[in-house]
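Written out below as structure tokens is the structure these notes cover.
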Amino acid sequence: MQKSECHGGVQLRNRGADNCDQRTSSSIQIKHRTTVQQGKSSSSTNSPESARKSHPRPSDKLNPKTINPFGEQSRAPSAFAAIYSKGGIPCRLVHGSVKHRLQWECPPENLPFDPLLITLAEGLRETKHPYTFVSKEGFRELLLVQGAPEKAVPLLPRLVPVLKAALVHLDDDVFARGLNALVQLSVVVGPSLNDHLKHLLTSGSLIIIKSKIPTYCSICC
């Protein structure tokens, strides 16, 4: 009788030991999984990609507004950007080691000003490269061709509202490009621009232009 009771006690102690071993093994597995997950999360935060995001390279600041042709754009492209991407502007940007320049598909003096000059004027409101350079330089070079006054004067009723939109733009760089374009246009067309000044220099636009003149001077100087 004592042997059976002793044997039963041994079995109970063995079962208890087995249960304890199972609980210990389960806790070890849980700790191991937690350690692995923490290691994965720490390795992801220490990856080169996350490091680049948290610490951007100095070169990323050189041209922060550059268009990435392979990236998805959050907004639909502007009218000028769409025309440029489809080849509607007969020139392309050539990157140089010192400065950029435009390469025209044909001599600019052979190009019709309507609607090219107006399209370039609309591009003055762009804020991203290369559209900013193409519109600004294209507008300037087109006004330098022989016979520019005769081609530009008939377009003044349509050019003035476009330039006014650039002059009242919130972006200071857009304002500077618009004012430069207006000066270039006035040199070419002369007194023919006087009849359109009342539409260009309204009371509201005058207030905005006067407030931006110091910024324009600092940009130009």
Is there a side-chain contact (heavy atoms from CB on, under 4.5 Å) between L193 and L182 once you walk through the steps? CA-CA 10 Å; L193 187 60; L182 179 60; 3.9 Å; yes
Can you give me the closest heavy-atom contact between G87 and R92, atom names plus distance? CA-NH2, 3.3 Å
Using the rule that Ile, Leu, Val, Met, Phe, Trp and Tyr join whenever any side-chain heavy atoms are under 4.5 Å apart, tell me whether V174 and V160 fall into a single cluster. no
Looking at G178 and A166, what are the two nearest heavy atoms and their distance? CA-CB, 3.9 Å
Passes side-chain contact (heavy atoms from CB on, under 4.5 Å), V145 versus N110? Steps please. CA-CA 9 Å; V145 304; N110 297 337; over 6 Å; no
For K151 and D114, run salt bridge (charged side-chain N to carboxylate O under 4.0 Å, His left out): C-alpha distance rounded to whole Å, both residues' side-chain angles, the deciding distance at 0.1 Å, then the answer. CA-CA 8 Å; K151 295 180 179 180; D114 188 7; over 6 Å; no
Mind checking whether L102 and L144 sit in one hydrophobic cluster, side chains of I, L, V, M, F, W, Y counted as touching below 4.5 Å? no
Could you walk me through whether L159 and I118 pass side-chain contact (heavy atoms from CB on, under 4.5 Å), step by step? CA-CA 6 Å; L159 272 174; I118 298 173; 4.1 Å; yes
Taking side chain as C-beta onward, heavy atoms only, is N194 less than 4.5 Å from H196? no
Evaluate the side-chain proximity of F80 to V134: yes if any heavy-atom separation is below 4.5 Å, no if none is. yes
Quick check for you: to the nearest 0.5 Å, what is the distance between E122 atom CD and L163 atom CG? 10.0 Å
I'd like to check C91 versus Q103 (side-chain heavy atoms, cut-off strictly below 4.5 Å). Are they in contact? no
Locate the shortest heavy-atom distance separating E126 from A81; write the atom from each residue and the value. OE2-N, 4.0 Å
Please tell me if the side chains of V153 and V188 come closer than 4.5 Å, counting only heavy atoms from C-beta onward. no
Starting at CG of L167, measure out to CZ of R177 and round the result to the nearest 0.5 Å. 12.0 Å
Working to the nearest 0.5 angstrom, can you tell me the gap between F113 CZ and L120 CG? 9.5 Å
When rounded to the nearest 0.5 Å, the distance separating CG of L170 from OG1 of T127 is 11.5 Å
Provide the closest heavy-atom pair for L117 versus A152 in the form atom of the first, atom of the second, distance. CD2-CB, 4.3 Å
Partners meeting ring pair (Phe, Tyr, Trp, His ring centres under 6.0 Å) with F133 (sequence neighbours left out): H100
How many angstroms lie between CZ in R140 and OG in S135, if you round to the nearest 0.5 Å? 12.5 Å
With the side chain counted from C-beta on, respond yes when H169 and F175 share a heavy-atom pair under 4.5 Å apart, and no when they do not. no
Is there a side-chain contact (heavy atoms from CB on, under 4.5 Å) between W104 and E141? Walk through the geometry before answering. CA-CA 10 Å; W104 294 88; E141 293 185 11; 2.7 Å; yes
Working to the nearest 0.5 angstrom, can you tell me the gap between L124 CG and L179 CG? 11.0 Å
